[in-house]
Structures are given as C-alpha cells and as structure tokens.
Amino acid sequence: MSEDKKTLDLEVFILDISYEVVGNSPVILIWGIDREGRRILIKDHSFRPYFYFLPYEDADVSEKEIISSIKKISSPRSPITEVSPVSKKLFGREVKAYMVKTVIPEAVREYREKIKDLPFVKEVLEADIRFAMRYSIDKDLAPSTWHVLRLREVSSSGVYRVDGEYELIDIINRNVSSVPPPLRVVAFDIEVYNPRGSPRADIDPVIIIAVMNDKGEIYQFVAEDHNDRDVIQKFVDYIIKYDPDVLVGYNTSLFDLPYLIERAKRNRIVLDISRRKNSEPRQSAYGHISISGRLHVDLYHFAEEISEIKIKSLDYVAEFFGVMKRSERTNIEWYDIYKYWDDPERRKILLKYSRDDVISTYGIAEKILPYAIQLSALTGLPLDQVGAASVGNRLEWYLIREAYKYNELVPNREERPYEPYKGAIVLEPKPGIHENIAVLDFSSMYPNIMIKYNIGPDTFVSDPSECDVIECYEIPGTNYRFRKDPPGFYKKVLETLLKLRKSIREEMKKYSPNSVEYKVLDERQRGVKILANAAYGYMGWIGARWYYKQGAEAVTALGRMIITKAIEIAEKLGLKIIYGDTDSLFLYYDEKKINEFIKEIEEKLELEIKIDKIYRRVYFTEAKKRYVGLTVDGNIDIVGFEAVRGDWTDLAKEVQENVAEIILRTGSVDKAIDYVRRVIRELEERKISYEKIIIWKTITKRLEEYEAQAPHVRAAKILLAKGGRVAIGDKIGYVIIKGSGKISDRAMPYMYATINDIDTEYYIEHQIIPAAMRILSYFGISEKTLRGSKGVKSLFEFTEKRIS
DNA sequence: TCGTGGCGGGG
DNA sequence: GTGTACGCCACGA
C-alpha cells in the first residue's frame, strides 16, 4: 500500500458495507459510487469488534478483579485488547457495564459464551450484532445514502472489480442526499429442465438464462441441449462485463441462485459474478443470498407483504404493478417446460416465455427499488437485506441505531411464551344501505397513543402506589401506569419519526410532483410512516428485543377509550354512527357537524381525525368487518367480503363484486338476480373459464401436522404423490371434481383436471350462491330465487328494510 | 345442530 | 419470526 498519495474529500453513495479478515485482522469494505459514477471500494482498517457485559449489581468483586478475570480468558488467536467499565443505560436505567474489545469478529461468539458463564456476569449484551452493521451504526453511515468521506487513494490490490480503491481517513459529512445516482441494474431469470416435475439441481441442467438491463437490452443465453456449462459461463461473463450494482430477480434467493450455484459446482466452474474476484454468492442474513460488492434484491419479498396481491407468482405481481397483463404474456405451466425444450418448434415459445419473465422482473424492480432504497437508507439495512428482513426486523434495526444515539444498550432476544391480550373495539354495524357516509380515521392512532402516554418498558410502573396520577398516566381498564417523565425510548423514537415525516412532506412542497426529488421524498415519507405504524405491533411481538406486553395492552386499552369518547362526542353533536373499527368511524356526512366533530376531537382528545373517504352509498349486513361502498368518485370498495379473500374462487369474487356493484349503482335487486342466474347457467354449460374456478389455499405447516384433512391438504398430498414438491407457504390450487364422498376427497390439484371433470353443483352451492347471498339475503332473496327463474321484486319493495 | 379447529384478510 | 378481532369452512360429537 503506498502512503505517499494525498487525501481527497469525495461524495460517496454507499451500496453495501461488508468486511473480510486479512492476515489476522478485519478490514471493513465500503462499496460505493462517487459523483463521477466511478464504482469504488473504501477500506477501513481501524475498526474492531466489541460487546458488553453487565456484572451483578451485588457481585462481591472489584473492578480490577473483573477486568483481570476477563483478560485471563483472552486467547492468542484473537486477543482481548480492552476491557473497560462504561456508563450505559438499559431500559432507561443507568447501568455500569463493561466493554470487551477483541480483534477478529468471529471470536466474539466464543468470548460471549465464556463470559456469560462467569459467576459475576449477569448478562452479555450486543454480542449478536453483525460486524458490518456494528460499523455502520457506530459511524452513522447508512447505506443507500450519500456521505462526504475523506479518503486516501491506494494502489489497486488486483482483487476487486472496482474503478478505485481508497483508505478511509475521516467522515466529513453524513446523509447529504438520498437521491440515488443512476444505478446499473440487471434483472435475471433462469429456466431449467424438469422431466420429473420439480427440477433437481444435481442432475437437471439450466436451459435458458435471460437478462435485462437498465438500458432496456435483453439477452438470452441458451444451453446446448442438456449441457449447461456454456450457458452458465456466458451469464458469468455478461455480469462481469456489464458490472451491475443491483442484480434483481424473482424468488432468486430460494431458487435461481442456489440452483446456479449447484449447477456451477457440478460443471466445475466458478460462479464468479461478484466484485470480489473468485468469490461466489453465499447465504447471508435472513436467508438471502449475498454477492460481494453488488446488491442482490429478491423482489419476491416485497410482493409477499402486499396483501392486495392474492397469488404471488411473477405473472400476477407484474400484472398488479401494471408491468404486463397476464392475458398478454406467454403462459407455460411449469411442469411442461421440459416438453417445450425438447420440441424445436415449441422451444421458441419457451424463449418468449423466458423473455416475458425477465421483462416482468425488470418492470417490477422499477416500481419497487425506489421505495426499497429509501427503506434501506432509513433502517440502515443494506438494500439487498432490507426486503428479506421482516417488518419487525426492519423496525428493530432502526431502533438499534436510535438506541446507540441515546447510549442505550440493546436488549437481547429472548425466548418467551405467547401471551394473548385484548385488542381493539369493533362496533356492530347498522345493517342496510346508507347514503352519504363519511369515514373518519384517527391519524396514526397507535403511534400517537404511545407518544402521548409515554408507553414502553422503561416508563412502566409496576406498583401503582409508587406513582400518583400527577406523575403518571393511568391506563383505563388496566392497573398499569406509565411515568410522564422522562420521555421513554419508544416515545423519543416515534417523535423523531413523526417529525421526520413532517419535515419530508414540507421538503416535498419545494419540488414539482414530477421531479425525481419529489418522488424520492415521497417514497421516504411512506417508509417512515410504515415504520412508525409498526411500533405497536412490534412491542407486542414476543420475538422483539423491546417486547412489552403491558405496553401493547395499554395501547389497545387507550385505543378503546379514545374511540368510545369519540362516539360520545359524535352522538352529542347528533351525528349518527353506522360503524367503527379500531381507529375509524362511519358517520352520516353533515359537513358542518363533521367539521365541528373534527374540531372537538382535536380539543378534547388532542388527537387528529380526518375524513378518509365519503361514500355515496355504503351497504352493511349484520357482520362486522365487511361492507361494500360506492365512493363519491365512483369507485366500488369491497371490504371483508369473499370478493377480497384469496381463498375463494375468482368466479365467486367476480359474482360478489358484480352483485355489489349492480346494487350500489342501480339500486335494482332484479338486475342482480338476473345476473346471478346467468352465471349459474354458464357454469352448468361449462362455458366458464377453468382458471376462474380454481380455489387457492396456503399450506401453513408441514403436511403431517394437519389433523383435519382439509381439501387443500388433500390436494397437496396428491401433488406430492405425483412427484411435485410442497413447501410451507405454497399456495395450492385445486378444483372439486365429480364423484361421491366428502368434498375433501374430491379435491384435485387443478393441473390434473379439466372443466369437464368439475362438480358444477359444488360450485353453485358453495361458491356462487353463498357469495351472492351474503349481499342479497338482506333484501329477502332466497337461494331458490337465485336458482329459479320467477319474476323478482325491485329494491323499492324492500324499502321498509332500509335503515336510512 | 352445534362446538371446535383451522385459516386468511383488513382496520 | 408485528398485533387482535372476526367470519367462515369442514368435520365430528
């Protein structure tokens, strides 16, 4: 390494932070991009791993004795270089802790175990924070963000595929911008040969690898018959040549990359696609696959958390994002792929299919990456990990960063028993059709409750006599109290988040909605809101480091009190309440009174409530959590009915949606009945598209664990018996076929039946009629009416049933 | 006929 | 590997 080069200050957008052990010490590697678009690597040789332990407060040992007994366990491979007493906080309480520093990150685990067992040690803390994350937290260097770094250029080591290598001298300025530079993005997708159903990586070759880059170029690398050596090599060469910063795929962490790794091994070639020469992709945090110096983003993780998408296959997700319609793409059943490969004519169709897949993947990436980048900057998780991490983990990393700033120790993860507690209020709806209804929502109710009542593990008072109502908030319906002062950890963090969101929204006003800056800020404020809203659920999650059941219980208790008070205020104003759930109220829309209501809520409850939407008509049955509404903008909302549930057929959803729409738009029950009869007739004549009658249900545990033989479990077992593979989380698509016996005995995976095999009576009886009756039964319509063809009454003959 | 186990989507 | 509330299905007593 040459030492004679001058230092320079460079603005750097951090892609990823990793480390490697060289010789006998760790080197932090910061992968980044500078303003000139150069891909660079910055090394920091100065950082060392450390962790803390807490001695028992009443331990009969001196500081000196403690330090010397820790030093005794030091081993030469990675010596303990420092043991020092430090003042820290744990759940807001001042504690005297000891910091233990060593050299090699891997040695932390070994020391953690040894120190934990020492008689004077109560607890070892922060020994499970990964080294690269430790660095990024301590230095406050968030990935996916620009920072100004003082660097010294060093000569190329020849090991990394970058435009420049540097040593970090100093951090000059942090978080200077969150507008990412133009990133080189490559989407990829593989097709594999599968003559036995599920492909086996040990014997079945990769046949096509498709890639699409940010210039819109698409390439397809094709195998020679059943030899995949060249196709994999061509893919590796392409990646090295194009040098993407981001490599995206769909389910690539669980399928494409593990498959490629195995095939490369079988072919004795190195899957050398990273920016560290001769290093292969490897399994990393949260099960995702990491590629040194590049960000591998598996888009499936983001699709997973979008509840509006019922079936999370690439084609459905692409359609949801408006990338490619399912009707316009080449569809091949996965179990037929090998047939298309073996037939020269049909191989062309397979190529088109692979092309459509990679275009879809790239299109989804364009929609998701801007949000993912902001989420990464916010939580401090590198872009390639942020998707794979659960919502709870994302918030947890944010909390860990905040804890560091407050000198708070990070609590350990603990195994705890599951303890249920009471949730929110759901009002009995007033059944019938109501006109002109405003839906009012408390803004961020739970985060605001946590702030206002200072709720958290550090403010909880276990003995109510310890703290009176002047010093403490009493939580109604519980005997819990929380100290008003000082502000607790959750309160501080949530206030930071809400302030941050406000300032982002202020900042947005400076830009045109079409500008890059505006869009970036919009993605960021969305991320902040989602993070803040996750705090309550996180506090009640037994796996959380900052778990606090009493806190979560207090939040829901206060939520119930607030909604109850809001109801009283509404009633006093003469506003009629139709329905309410958790933090929302459905009220008759009287503009003057509603405005008065909003004002009073603000004054009396010190909380903001806003009109979320106004329904021209909304229809409720007696059931909670389900209604259909026609908004003033002419949109139909269907909430809680089968139409929005994934476990009903598309046919039932369609019937219910159309019945709701006909009733809300025309007010004619006749028209709705005619429509249902028409659908029944079409089904009996088997003129309905087969796809619409497939029932999709998720396998949520191992098949042996199911006690009842539900239809989807039976179908899954058939799949398995035919050589397919069934994993937890798989959606099983099945149809009910003709025959005798129980329904579950007649469940058949959809690919093993056709429209002519199906039991039409089952679909009429269990899908079409119930879906329609959920809405129509209120109007006195019977099942017979739907099946028959007699004349029917109009809506106006049922006016006596109308509540409004 | 009713209670139970199991499941999923949304406020 | 966020929470509880809710409605519905199939099944079996």
Side-chain angles (χ1 to χ4, degrees), chain A residues 286-287 304-310 388-396 399 413-416 418-429 439-442 444-446 450 530-549 551-557 559-560 563 579-586 612-613 621-627 637-648 652-653 695-701 705-714 728-729 731-732 736 742-747 762 765-767 770-771 773-774:
Chain A
Y286 310 109
E304 241 180 334
E305 54 195 68
I306 302 173
S307 58
E308 290 93 317
I309 311 176
K310 298 301 179 289
S390 71
V391 176
N393 276 302
R394 289 176 199 165
L395 176 66
E396 189 149 276
L399 294 178
R413 285 183 177 276
E414 275 176 50
E415 293 256 350
R416 324 182 157 85
Y418 179 69
E419 292 175 280
Y421 61 89
K422 217 171 155 207
I425 287 183
V426 187
L427 301 184
E428 294 283 344
V439 183
L440 286 100
D441 273 350
F442 280 100
S444 300
M445 185 198 244
Y446 283 179
M450 289 171 76
I530 290 171
L531 223 46
N533 286 340
Y536 149 74
Y538 171 83
M539 187 168 58
W541 166 42
I542 53 173
R545 291 177 190 263
W546 279 275
Y547 170 74
Y548 213 61
K549 195 199 85 158
E553 219 172 352
V555 172
T556 56
R560 292 192 300 269
I563 200 92
Y579 179 64
D581 182 355
T582 313
D583 58 355
S584 69
L585 284 175
F586 289 56
D612 179 42
K613 58 179 76 185
T621 64
E622 292 82 8
K624 293 174 174 184
K625 289 182 183 277
R626 23 170 56 184
Y627 56 88
D637 278 352
I638 301 187
V639 178
F641 280 90
E642 290 72 18
V644 295
R645 293 179 52 122
D647 55 343
W648 277 64
K653 289 179 212 170
I695 303 162
W696 294 89
K697 268 191 196 268
T698 311
I699 293 291
T700 56
K701 51 185 177 185
E705 287 174 45
Y706 282 96
E707 283 184 29
Q709 294 300 309
H712 72 297
V713 178
R714 286 291 175 97
I728 295 169
K731 290 253 186 204
I732 305 295
I736 303 298
K742 286 186 290 194
I743 285 168
S744 50
D745 293 335
R746 293 187 278 122
Y762 167 83
E765 181 71 25
H766 295 277
Q767 296 278 340
M773 285 299 280
R774 297 272 188 266

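Order of the sequence lines fixes the chain letters, A, B, ..., with proteins taken first and strands second; residue numbering starts at 1 for each chain.
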Checklist outcome for this item: Here the distance between atom P of C/dA5 and atom OH of A/Tyr627, to the nearest Å, is 19 Å
Checklist outcome for this item: Minimal heavy-atom distance between A/Lys624 and A/Pro429, with the atoms involved, is CG-CD, 4.0 Å
Next on the checklist: Using the salt bridge (charged side-chain N to carboxylate O under 4.0 Å, His left out) criterion, which residues pair with A/Lys613? Sequence neighbours excluded.
Outcome noted: A/Asp637
For nucleotides 1-3 of chain C, which of its nitrogen or oxygen atoms have a protein nitrogen or oxygen under 3.5 Å away, and what is each distance?
unit_1	atom_1	unit_2	atom_2	d
C/dT2	OP2	A/Ser390	OG	2.4

Item to check | Gap between atoms NZ and C1', on A/Lys613 and B/dG11 respectively (whole Å) | outcome: 12 Å
Next on the checklist: When you measure from the side-chain N and O atoms of A/Lys625 to the phosphate of B/dG10, is any distance below 4.0 Å, counting only OP1 and OP2?
Outcome noted: no
Next on the checklist: Taking the minimum atom-to-atom distance to the side chain of A/Val639, which one of B/dG10, C/dA10, C/dC6 wins?
Outcome noted: B/dG10
Checklist entry - Residues in side chain to side chain donor-acceptor pair (under 3.5 Å) with A/Glu428, at least two apart? => result none
Item to check | d(CZ, A/Arg714; C1', C/dC11) in whole Å | outcome: 12 Å
Item to check | Spacing of A/His766 atom NE2 relative to C/dG7 atom P, expressed in whole Å | outcome: 22 Å
Next on the checklist: Does a side-chain N or O of A/Arg774 approach OP1 or OP2 of C/dG7 to a distance below 4.0 Å, or not?
Outcome noted: no
Checklist entry - How close or far is atom P of B/dG10 from atom OH of A/Tyr579, stated in whole angstroms? => result 13 Å
Checklist entry - A/Met539 has an atom CE; how far is it from atom P of C/dT4, in whole Å? => result 12 Å
Checklist entry - To the nearest Å, how far apart are A/Lys624 NZ and B/dG9 C1'? => result 17 Å
Checklist outcome for this item: Rounding to 0.5 Å, atoms CG (A/Leu585) and CD1 (A/Ile563) come to a distance of 4.0 Å
Next on the checklist: Checking A/Asp581 now: which residues fulfil side chain to side chain contact (heavy atoms under 4.5 Å, CB included) with it, not counting sequence neighbours?
Outcome noted: A/Val426, A/Tyr579, A/Ser584, A/Lys625
Checklist outcome for this item: The salt bridge (charged side-chain N to carboxylate O under 4.0 Å, His left out) partners of A/Arg714 (sequence neighbours excluded) come to A/Asp745
Item to check | Spacing between A/Lys653 atom NZ and B/dG9 atom C1', to the nearest angstrom | outcome: 11 Å
Checklist entry - On DNA chain C, nearest-nucleotide positions of A/Pro711 versus A/Ala623: which is more 5'? => result A/Ala623
Item to check | salt bridge (charged side-chain N to carboxylate O under 4.0 Å, His left out) partners of A/Arg413, counting only residues at least two apart | outcome: A/Glu396
